[in-house]
Amino acid sequence: MKVECWGGWVFINMDPDAPSFAEYTGILPEHFDRWQPENTYKAFHLKKAIRCNWKLAHEAFIESFHTVATHPQLLAYTADANSQYDCFNDNVSRTITPMAMVSPHIELTEQQCAEAWLNYNAENPAEALEQMPDQSSAREYLGDFNRRRFQPLFAENLSEVATDSEMLDAILYSIFPNFCPWAGYRPNLTYRFLPWQDSHELCTMEIIMMMRFPPGTERPRDAQIRFFDLDEDFEGAEGISEGLAKVFGQDFSNLPRVHRGLKSLRSGELQLGNYQEIRIRHFHQTLDKYLP
């Protein structure tokens with residue numbers, strides 16, 4: 001058995017001959033050095049049972065093209081179809097979905113984009129919008145907005161080190177087979193997917209909010225895991241915002257249907273998008289290397 005710690009997480013491999021964590025993950029630890037996930041705590045930890053195979057649940061969160069159909073309320077400030085996808089080695093991939101940018105599926109002004117983002121993220125949206133300079137892009141203004149908002153949580157000057165992407169975008173990495181940490185200079189989620197009840201038709205998804213705390217202060221206590229059964233949703237769950245709970249609820253409503261739909265394929269083969277679903281193809285290409 002091998003045990004390694006990275007980013008505040010503990011990784012266990014039962015194979016004594018397995019490669020080291022550094023060899024397995026390649027460039028990933030170097031990427032995360034600047035964001036220091038080890039300096040966070042669990043603000044909430046939700047575990048949801050879902051009627052689908054664990055691989056389907058994982059796949060649902062490693063592409064952003066489904067946003068236009070599943071999360072239409074996000075299009076005002078999520079450039080879903082403009083996402084960047086990267087596959088670094090067999091085990092690590094990444095999506096960067098631009099935020100504070102209007103989806104190419106709709107047309108809105110910069111002001112409308114900023115207003116929609118602030119309504120979702122800010123405590124006083126109207127007040128924050130009034131401070132947006134004329135002719136300023138939503139992305140430029142909201143990047144600075146987040147720098148000011150999260151600066152007290154860091155010992156370094158975010159205006160000097162953090163890009164707009166690191167302050168705004170949905171940057172989601174995955175480590176094969178089932179671990180997905182978000183990245184950037186802000187509170188970030190982490191996902192984990194597992195089979196459930198010894199059934200290939202059931203799984204669980206864990207959603208963990210990793211929050212920073214001001215340098216020099218005591219690390220807050222980690223939240224306990226809260227389990228949600230198959231027919232429970234996140235509405236009213238402590239810690240998670242109403243908007244975020246709605247987004248996950250939309251994803252969870254899709255997954256049992258996708259699972260059933262796969263059984264209807266006469267050919268047994270699924271056609272994936274050439275670019276937008278490249279991470280799903282990459283995931284299965286790696287999986288195939290482990291299967292006889």
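- Taken from CD1 in I240 to CG in L189, the straight-line distance is 7.5 Å, to the nearest 0.5 Å.
- Following chains of ILVMFWY side-chain contacts shorter than 4.5 Å, one can reach L244 starting from M167, so the two form part of one hydrophobic cluster.
- Of all heavy-atom pairs between F283 and P177, the closest is CE1-O, 3.3 Å.
- A salt bridge links R34 to E166: one of the charged nitrogens lies within less than 4.0 Å of a carboxylate oxygen.
- For F32 and W9, the gap between ring centers reaches or exceeds 6.0 Å.
- Annotation for K246: atom NZ does not count as buried by contact number, only 12 or fewer foreign heavy atoms lying within 6.0 Å.
- In this structure, D90 and H282 approach most closely via the heavy-atom pair O-CE1, 3.4 Å.
- C203 SG to N53 CG: the interatomic distance, rounded to the nearest 0.5 Å, is 7.0 Å.
- In summary, the aromatic rings of Y173 and W182 are positioned with their centroids too far apart to meet the 6.0 Å limit.
- Within 6.0 Å of atom CZ in R221, 12 or fewer heavy atoms from other residues, nucleotides or ligands are found, so the atom counts as exposed in its surroundings.
- Aromatic ring centres of Y85 and Y275 lie closer together than 6.0 Å.
- Under a 4.0 Å N-O distance rule, the pair K263/E201 qualifies as a salt bridge.
- Taking the six-membered ring where the residue is Trp, the centroids of F11 and F179 are separated by under 6.0 Å.
- A salt bridge does not link D15 with K2: every distance from a Lys NZ or Arg NE/NH1/NH2 to an Asp or Glu carboxylate oxygen is 4.0 Å or more.
- A donor atom on one side chain and an acceptor atom on the other are found under 3.5 Å apart for S93 and R279.
- Once rounded to the nearest 0.5 Å, the distance linking OG1 of T95 with CZ of F65 reads 13.5 Å.
- For W54 and F193, the distance between ring centers is not under 6.0 angstrom.
- More than 12 heavy-atom neighbours from other residues, nucleotides or ligands sit within 6.0 angstrom of CD on Q131.
- Residues Q224 and H45 bring no donor and acceptor atom of their side chains to less than 3.5 Å of each other.
- In this structure, a donor-acceptor pair under 3.5 Å is absent between the side chains of Q135 and E110.
- In the hydrophobic clustering (ILVMFWY side chains linked at under 4.5 Å, chained through shared members), V3 is joined by M1, V10, I12, M14.
- Expressed to the nearest 0.5 Å, how far OH of Y141 lies from OG of S137 amounts to 12.0 Å.
- No donor-acceptor contact under 3.5 angstrom links the side chains of Q285 and D288, judged on distance only.
- Within the model, atoms CG of L118 and CG of L129 stand 6.0 Å from one another, a figure rounded to the nearest 0.5 Å.
- Atoms CE and CG, on M210 and N188 in that order, are 9.5 Å from each other to the nearest 0.5 Å.
- The side chain to side chain contact (heavy atoms under 4.5 Å, CB included) test with D169 singles out one residue from I96, D164, T97, and that residue is I96.
- W196 and F252 end up in different hydrophobic clusters when Ile, Leu, Val, Met, Phe, Trp and Tyr side chains are linked at under 4.5 Å.
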Next on the checklist: side-chain hydrogen bond (donor to acceptor under 3.5 Å, both in side chains), that's the test. Do N91 and T286 meet it? Break it down for me.
Outcome noted: CA-CA 7 Å; N91 309 308; T286 299; 5.2 Å; no
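- More than 12 non-hydrogen atoms from other residues, nucleotides or ligands lie less than 6.0 angstrom from CG of D229.
- A continuous path of Ile, Leu, Val, Met, Phe, Trp and Tyr side chains, each step under 4.5 Å between heavy atoms, connects L270 with I280, placing both in one hydrophobic cluster.
- Taking the ring centroids of H31 and F88, they lie under the 6.0 Å cut-off.
- When only modelled atom types and interatomic distance are considered, D251 and H71 share a side-chain donor-acceptor pair under 3.5 Å.
- Between S103 and T78 the shortest side-chain heavy-atom distance does not fall below 4.5 Å.
- The hydrophobic cluster containing V161 also contains F145, counting ILVMFWY residues as joined when their side-chain heavy atoms lie under 4.5 angstrom apart, directly or transitively.
- Between Y24 and F176, the gap from one ring centroid to the other reaches at least 6.0 Å.
- No donor-acceptor contact under 3.5 angstrom links the side chains of D80 and S64, judged on distance only.
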